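Not measured: the values here are computed from a predicted model.
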Amino acid sequence: YVPSGKTSCGFAGVVSNATCVPTAVSWKVTSANTIEITYADAVYADDLANGLSQFSVSIDGNAGTPTAGTISANEKVLTLTVASMTASATNNAVTVLYTKNSIADQFLESQYGAPVESDSAANSVDRDTCDATTAPVNGGNGDCGSTLEAGGECQPTCNSGYVPSGKTSCGFAGVVSNATCVPTAV
């Protein structure tokens with residue numbers, strides 16, 4: 001949270017209090033076309049669809065604007081639809097910068113109507129890692145560990161008489177695709 005405005009004493013002793021405005025606490029790639037920004041508390045924007053230019057998204061150095069945006073039912077997660085990304089962070093850095101515009105109902109605001117502050121700098125968007133320690137049936141972990149990076153691959157081992165079907169890989173949102181051990185041809 002950050003304070004919005006200052007507490008002041010106005011005409012006839014009327015006190016005007018500052019409010020606390022939620023800030024973003026995480027930025028995460030969740031699919032090939034979505035970024036989720038999680039806020040400390042509820043945020044609102046009744047006309048977000050026309051306010052997407054407030055978000056500058058950079059994917060591998062290419063700047064762009066989201067094509068859609070939605071706020072979750074709990075009002076703490078803002079999902080931006082963007083150009084295609086790969087699961088791998090290698091040579092595919094993603095950043096988001098929010099710069100509040102002045103058009104009512106387009107900028108983000110708190111439950112008390114105070115505007116969410118603009119970002120002071122672009123925020124790096126994280127990718128989940130995968131736990132790839134589950135060994136395939138008739139095999140072992142090989143070089144697969146508990147923190148396989150998004151877009152990464154590892155190679156499990158197989159018992160005698162079996163060969164790996166491929167490599168285990170880590171996709172979006174921490175989803176692991178496990179290789180299997182298949183019988184060798186006789």
Side-chain angles (χ1 to χ4, degrees), residues 1-4 19-134 145-153 168-178:
Y1 290 90
V2 295
S4 175
T19 60
C20 291
V21 179
T23 56
V25 294
S26 71
W27 301 260
K28 194 167 280 201
V29 171
T30 53
S31 78
N33 297 94
T34 56
I35 296 171
E36 285 186 353
I37 304 171
T38 302
Y39 288 85
D41 204 349
V43 294
Y44 304 91
D46 290 334
D47 192 17
L48 181 62
N50 288 312
L52 292 172
S53 62
Q54 299 172 101
F55 296 91
S56 176
V57 177
S58 175
I59 301 170
D60 194 22
N62 299 309
T65 301
T67 56
T70 57
I71 297 175
S72 67
N74 74 4
E75 300 165 338
K76 292 183 180 183
V77 179
L78 169 67
T79 302
L80 299 175
T81 303
V82 298
S84 186
M85 300 172 283
T86 63
S88 175
T90 305
N91 297 322
N92 197 28
V94 178
T95 61
V96 175
L97 176 68
Y98 171 69
T99 305
K100 180 184 76 66
N101 72 21
S102 60
I103 302 170
D105 295 330
Q106 289 184 6
F107 57 80
L108 299 175
E109 58 188 10
S110 74
Q111 61 184 333
Y112 304 108
V116 171
E117 298 295 320
S118 296
D119 295 332
S120 58
N123 298 286
S124 294
V125 180
D126 296 327
R127 289 172 168 82
D128 287 327
T129 59
C130 295
D131 180 351
T133 56
T134 300
S146 62
T147 54
L148 183 60
E149 288 190 23
E153 295 179 326
T168 294
S169 63
C170 180
F172 291 107
V175 176
V176 66
S177 294
N178 290 308

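- Residues Tyr39 and Leu108 have side chains in contact (heavy-atom distance under 4.5 Å, counting atoms from C-beta outward).
- For the pair Asp41 and Lys76, the minimum side-chain heavy-atom distance is below 4.5 Å.
- The shortest side-chain heavy-atom distance between Thr99 and Leu97 falls under the 4.5 Å cut-off.
- Here the CD1-CD1 distance, from Ile71 to Ile37, works out to 10.0 Å after rounding to the nearest 0.5 Å.
- Side-chain atoms of Gln106 and Asn101 include a donor-acceptor pair closer than 3.5 Å.
- Taken from CD in Glu75 to OG in Ser110, the straight-line distance is 11.5 Å, to the nearest 0.5 Å.
- Here the closest heavy-atom approach between residue Thr70 and residue Leu48 is recorded as N-CD2, 4.1 Å.
- Heavy-atom minimum distance, Phe107 versus Ala45: O-CB, 3.6 Å.
- Closest heavy-atom contact between Thr30 and Thr34: OG1-OG1, 2.7 Å.
- Side-chain N or O atoms of Asn33 include one that pairs as donor or acceptor with a backbone N or O of Val82 at under 3.5 Å.
- Of all heavy-atom pairs between Val116 and Val21, the closest is CA-CG1, 3.5 Å.
- Residues Asp131 and Thr133 have side chains that bring a donor and an acceptor to within less than 3.5 angstrom of each other.
- Note that the CD atom of Glu117 and the NZ atom of Lys100 stand 7.5 Å from one another [nearest 0.5 Å].
- Taking 4.5 Å as the limit, some side-chain heavy atom of Val57 sits within range of a side-chain heavy atom of Pro66.
- Taking the side chain as every heavy atom from C-beta outward, Thr79 and Ile35 never approach each other to under 4.5 Å.
- Interatomic distance, CD of Glu149 versus OG of Ser169, reported as 13.5 Å (0.5 Å rounding).
- You'll find the side chain of Glu36 stays beyond 4.5 Å of the side chain of Val29, heavy atoms only.
- In terms of heavy-atom proximity, Cys170 sits nearest to Thr129 at SG-C, 3.9 Å.
- To the nearest 0.5 angstrom, Asp47 atom CG is 8.5 Å from Ile103 atom CD1.
- By the 4.5 Å heavy-atom criterion applied to side chains, Met85 and Ile59 are counted as neighbours.
- Two residues are said to be in side-chain contact when any heavy atoms from C-beta on lie closer than 4.5 Å; Leu78 and Phe55 meet this criterion.
- Contact detail for Gly171 and Ala150: the closest heavy-atom pair is O-CB, 4.1 Å.
- Note that the CG atom of Asp119 and the OG1 atom of Thr95 stand 10.5 Å from one another [nearest 0.5 Å].
- At a cut-off of 3.5 Å, with distance as the only test, no side-chain donor of Tyr44 or Gln111 sits close to an acceptor on the other residue.
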